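In what follows, a single structure is set out as structure tokens and then discussed.
The figures that follow rest on heavy atoms only: side chains count, while hydrogens, waters and symmetry mates do not. All values reported here derive from a predicted model rather than from experimental measurement.
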Amino acid sequence: MFEPVRGKPDFPAIEAAISQLWRERGIYKKSLEQRRGSKRFVFFEGPPTANGMPHPGHCLTRTIKDLYPRYRTMRGEYCERKAGWDTHGLPVEVEVCKELGIHSKAEIEAFGVEPFIHRCQESVWRYMKEWEALTERIGFWIDLSDAYVTYHQSYVESVWWALAELFNGGLLYQGHKIVWWWAQGGTALSSGEVGQGYREVADPSVYVAFPLLDDEGNQTTRSLVAWTTTPWTLPSNQFAAVKADLEYVVLREMPGGGDGAGSGIPAQEYIVAEPLAAPLGEKMKKQFEVVDRFMGSTLVGRSYVPPFDTFRPAGSPQATPLQAGGSQPAAWRVVAADFVTTDSGTGIVHIAPAFGEVDYTVLAFEQARFAEGRGPTLLNCVAPDGTFTDTFPMGSGRFVKECDRDITRDLRTRNLLVHQEQYVHDYPFCWRADNDPLIQYPRQSWFIRTSQFREQMLANNARIDWLPEHIKDGRFGNFLETNVDWALSRERYWGTPLPIWKCETTGKAEAVPSYAALVAKPGVQGTDVFEKAKAANPKLSDDLRVHKPYIDAITYDSPFAAGARMRRVPEVIDCWFDSGAMPFAQWGWPHRGEQDFKTQFPADFISEAIDQTRGWFYSQLAISTLLFGAEETPYPHPFRTCIVLGHMLGEDGQKMSKSKRNYREPAEIFDKYGADALRWFFLAGQPPWTSIRYSERAIRESVPEFLLRLWNVYSFFVIYARIDGFDPASLLDAPGPLDHADLAKARGYRPVADRGELDRWMLSELNATCAAVVHRMDRYDHFGAAAELSALVDAVSNWFVRRSRDRFWSAGRADTGPEGNAAKLDAYWTLYETLLTIARLAAPFVPFVSEAIWHNLAVAAFGDTVPESVHLTDFPTGSEPLVDRDLVRRMAIVRDVSSLGRAARAAEKLKVRQPLSKVEVILAEGHGGDAADAAWLEAHADLVCDELNVKQFEICREPDRYITRAVLPDLKKLGPRLGKDLPKARDAITKADAAALLAALSRDGRATIPLAGGGEAVIEKDDVMIRTTAKEGWAAAEGPRAVVVVASQLTPELVAEGLVREVVHAVQSQRKTLDLEFTDRIELAFETASPELTSAIEHHLDYVASETLAVSATFGGLDGAAVESLDIDGHPLTIAIRRTGTAPAATGGEA
RNA sequence: GCGCGCGUAGCUCAGUUGGUUAGAGCGCUACCCUGAUAAGGUAGAGGUCCCAAGUUCGAAUCUUGGCGCGCGCACCA
């Protein structure tokens, strides 16, 4: 027998109990075991970082990541779910630095790399408990005990193998490039990391004069005006770039204002691009006259005085021999460059090759023009820590950005500052230390030649199913097309060490694919460093063996030079490479895990939020393509389908972030509403790729619509099943999965075909929904599937249960015994089957509530002869033979007619309590309905009468009394055929005599109508639709399927009945205010001065008494009764109620 | 600046290949039910489908150009 159900569910408490049940019985493991050997569904877990608290965004990803594996498992597939943790990288180091109160690399070195690494390793697990709790709480089934961890030796060795492969293939190289440099952190960042840190800031923007030299090397009064937002790069200026085919003008200040006028100092003349001259004048609020104009090519080759003489020797510029013969000064010369634009600035670009990628290409180009070894060298007066060196005394030892002000002031005193303003633009900061601006800086760095694989990556991408689809060719495709080589190395500490050892003599390098390969090298030394540390501290993790600083101690004999040693390069790698290597590194492949890797590659399904486009999605695709791309595969790799989730927004619509903590803790939501509420909100609230507004209100409001409604139906079922003795276990001896075929074996389970219409309808809807949900879920459309589920629960609650109440409350027991009531038993079987099936359908979505329902309806009833968990059952796919489409359609018509009837009543202010004599229904033609529908509807007159509280139902025989018919052209059919004549045809059809036209069409199947302005059109029967419109003066409502007319005339009898219903309603309200149980019996007495009301009550006294459970109903007073005076439709009435006793709760009898 | 996405009811969002009366939930208002009851149900009000032009017989839907929002990118010197 079923356990009693609390009417008001405490979902969090229910979920806690279910959670415990799963844990104790190992349901997750069993769900896997049960499918072992079946077709695999491969899922990759994108590793989160556990050194921060989980937030609502993680709840979303974990919900989606749980949904599909659960669904697939129920569909019969085998889906391993290996957890993973991302443990390396800057986020961890920065967190540890914060704890230590330090920031710079120097401080880390002072603290000691070894203890620092230990701290990092501990920090990684700081919030592990919270993560594990969240994972269990939200019902994310995954193997936490067997998680892959990116710092583990086996993982690191897999990454080493990958890097060695790339190195040996010539795809991993060291290059000198301008990189985005985090000076305080002393490392370059990848483009992905740089992208994370853009922020809008106001920088000083300066217009600086570069005085031109004449042919003799003397300074002239004409100056180039260059624009820059990074004054600190000016000391390292090497060139000025112009566009050769752009017009430049020479500006002289008009007399009458400004500095220098009349002071004897020759007026300054400024050279700028013609289109930018006027804007500059406006900014400076000065009048200029143009004294000369020429093309940019005229300027090319001219020498100028750089703003600072940091690197400039005294005297005239030195002529340097060119490759092609002749000579030129190597630096401080005007060059031509195509990238110069007139979008902003002056059309003259200050070139500091050390601090700009484009600037660097100018230098490289210029170097090639000069004789070997004589060209310009890179000028740089900034140290790697972002401070000026002694080469630039003014800023020596200070961070460059802090010197902007002093540099500007200096320029002004030397009359070189033409103009200054604030410039608001986006500038990158370190994504982990967001007060540190990044600078572009020349650096040796290790790169992966990903750009060489652009086409292969695009081809691979083309075969991936992206959801939403536009990611493929949009955001992700674009990113691939503009791919640049992956800046892999990090000059940091806590990361996978770059497994490259260099010969100290020759500088030649080789890559090492594993620790074993390393210690097998000839003359290996230094392995004892770790062993000693381990001896001193036995708790030291063995995995640190392959980390800094221990790994750096290991050296071996160079194969390149006799007597030389091989030493590791100092860098670690970008942690995104770690996570991207996860498809094979999670198994330690290729050093081990061959079988696992083979069966678990590629993934069928992954899902993360959109910020992973350039993160994990890219790193996986790039690594997989580079390593495995040579082989033709019939599938994309390393994943086939990827759901890209939208960003989670806070209550204010702002983006949430771990560091800003601008969100409610998930735990609070779990405690108040439960995990299933949150899951349903995520899954059913919106398509997964839209950004989700995470608000408590929205979560709360999503509960009644589905979870609570489902629970209420379930609770209704259990309450009455217990009362009526519906005990499936006593009717079914050898239960199996409790699906339709299984239940059909039960005694008293009548074949569906023999059952009442409502039952057949319910099972039709149920099975149709199963098929629809499967269809949606197979296409990763859980949002659509959730809508189907929601509609099904609505159908059960608002139609099946409501229309079945009579059966549930009718006399007799719900069994096959002598008191058995077959119709009642049918109702129970139908609702039972429906609820069991819904529990299975909803299981992947709301696993807790589904389990609670299953547990009571199946396990509590049958014990261990049925599956002990809903998650061990097969997902219902729907049985087509049980679906009766005609019935579904016709029931929809009844619901429509009822709804329209109520609308008609409402329009005339006729409340449902007032009985009416008649309802007439005119069915629309041409809406897929037919004559059989009308007959069917007529057969359901009682149902409609009951719903609408009318005495009589009729399909209207004289529709013309109530409606007018209009013939409407079916534009979709006629449009393509008639084209431009359509408007004329439409007018002609609309204006034509509808009756005559219809007659002609039904007689001949076609009709010819004349068109305005000549010509005619032939229309066929199917080319038109008939619209019926209610005539004025009737209580009618029209919908697409029918017009419903209610008779609004009231007879005295009807009025009296209406009054009585009002009285009953008043008594019931009174019962409720008196807090009477629904089984309490009462004595009832009325007093009224209205003869009309007196008469009405007298005529229906029995009805009143039975409806209100009154043992007596009289006129007059009643001692000790609760008395209430009120107004019944304008008639005064006093009601006296006295409780007399309680009848035993039972169904049957007074329905 | 370039790219991607979005713009539909007070709020959150659907809207299938262009087709006649643009939908849902919540909220609001009114009503119903009172044996699922601190539940449940029905109806109503509420829309220049961001703007403009174009294509078309016909545009929320397609095209172009604006405007606004979000996100991403980076040769913003």
Side-chain angles (χ1 to χ4, degrees), chain A residues 7-8 191 194-195 198 226-230 233 241 337 339-341 343-345 348-352 355-359 361 423 425-428 468 470-471 473-479 482 610-611 613-614 646-647 649 653 655 684-687 689-693 695 697-698 701-702 704-705 708-709 711-717 719-720 783 787 790 797-798 801-802 805 808-809 898-899 902-903 905-907 909 911-913 949 968-976 978-986 1025 1027 1038-1040 1065 1068-1069 1071-1072 1078-1079 1109 1145 1147 1150-1151:
Chain A
K8 194 177 175 234
S191 57
V194 175
Y198 274 89
W227 177 65
T228 182
T229 54
T230 49
T233 62
F339 59 77
V340 176
T341 64
D343 296 339
S344 55
I348 297 172
V349 178
H350 142 66
I351 303 286
F355 309 113
E357 213 174 318
V358 183
D359 305 45
T361 62
Y423 184 72
H425 64 157
D426 290 325
Y427 193 86
H470 59 75
I471 296 285
D473 295 320
R475 190 167 291 214
F476 196 71
N478 289 342
F479 178 61
T482 58
I610 188 152
D611 53 304
T613 313
R614 284 135 209 282
H647 258 299
L649 306 174
K655 184 177 159 180
Q686 55 277 305
W689 44 79
T690 55
S691 40
I692 295 177
R693 189 85 73 94
S695 76
R697 191 181 65 96
E701 285 173 354
S702 77
E705 182 194 331
L708 194 57
R709 193 175 278 166
W711 192 267
N712 282 332
V713 174
Y714 157 68
S715 151
F716 174 92
F717 170 81
I719 289 171
Y720 289 101
F783 176 63
S790 204
S797 172
N798 294 332
V801 170
R802 193 152 67 92
R805 278 177 172 158
F808 286 114
W809 298 337
S898 304
S899 171
R902 274 187 284 265
R905 296 188 70 118
K909 300 208 188 317
K911 45 182 136 178
V912 183
R913 241 178 272 143
N949 193 19
L968 287 179
D970 186 338
L971 299 176
K972 211 166 182 173
K973 290 206 176 92
L974 286 173
L978 298 180
K980 280 190 199 295
D981 285 335
L982 190 71
K984 288 184 212 159
R986 185 183 53 204
M1025 296 176 297
R1027 158 102 55 88
E1038 58 197 78
H1065 173 65
Q1068 301 288 27
S1069 305
R1071 283 183 63 112
K1072 195 168 180 189
F1078 71 75
T1079 48
L1109 296 193
T1147 57
E1150 58 268 298

Is there a side-chain polar atom (N or O) of A:Thr228 under 4.0 Å from OP1 or OP2 of B:rA77?
no
Is A:Arg475 side chain donor-acceptor paired with the B:rC71 base, going by distance under 3.5 Å alone?
yes
For nucleotides B:rU34 and B:rG25, find the distance between their P atoms and express it as a whole number of Å.
24 Å
Any idea which of B:rA38, B:rC4, B:rA14 is nearest the A:Thr690 side chain?
B:rA14
Nearest whole angstrom, please: distance from the P of B:rG40 to the CZ of A:Arg902.
17 Å
Distance check, P atoms only: B:rC62 and B:rG7, in whole angstrom units.
11 Å
How far does the C1' atom of B:rC57 sit from the matching atom of B:rG40, given to the nearest Å?
49 Å
With C1' as the reference atom in both, quote the distance from B:rC71 to B:rA77 in angstrom, rounded to an integer.
26 Å
Between B:rA38 and B:rC69 - P atom distance, rounded Å:
48 Å
When we call it a touch if two heavy atoms are under 4.0 Å apart, what does A:Pro468 touch: a base, just sugar-phosphate, or nothing?
nothing
So A:Ser790, base contact, sugar-phosphate only, or nothing? Heavy-atom distance under 4.0 Å.
nothing
If I pick the P atom on B:rG70 and the same atom on B:rA53, what distance separates them, to the nearest angstrom?
28 Å
Nearest to the side chain of A:Ser899 - B:rA43, B:rG19, B:rA77?
B:rA43
Side chain of A:Val801 (C-beta onward), nearest among B:rA36, B:rA14, B:rC73:
B:rA36
Between B:rA38, B:rU12, B:rA36, which nucleotide has the shortest distance from any of its atoms to the side chain of A:Lys8?
B:rA38
A:Glu705, nearest nucleotide to its side chain (from B:rA77, B:rG25, B:rU34):
B:rG25
Quantified in whole Å, what is the C1' atom distance between nucleotide B:rU48 and nucleotide B:rA59?
15 Å
Ignoring hydrogens and angles, are the base of B:rA39 and the side chain of A:Arg709 linked by a donor-acceptor pair under 3.5 Å?
no
Just call it for A:Ser797: base, sugar-phosphate, or nothing, with non-hydrogen atoms closer than 4.0 Å on any strand.
base
For the side chain of A:Tyr720, starting at C-beta, report the closest nucleotide among B:rA77, B:rA39, B:rG35.
B:rG35
Give me the distance, rounded to whole Å, that separates B:rA14 from B:rU55 when you measure between the P atoms they each carry.
31 Å
Can you figure out which of B:rU42, B:rG19, B:rU12 approaches the side chain of A:Leu971 most closely?
B:rG19
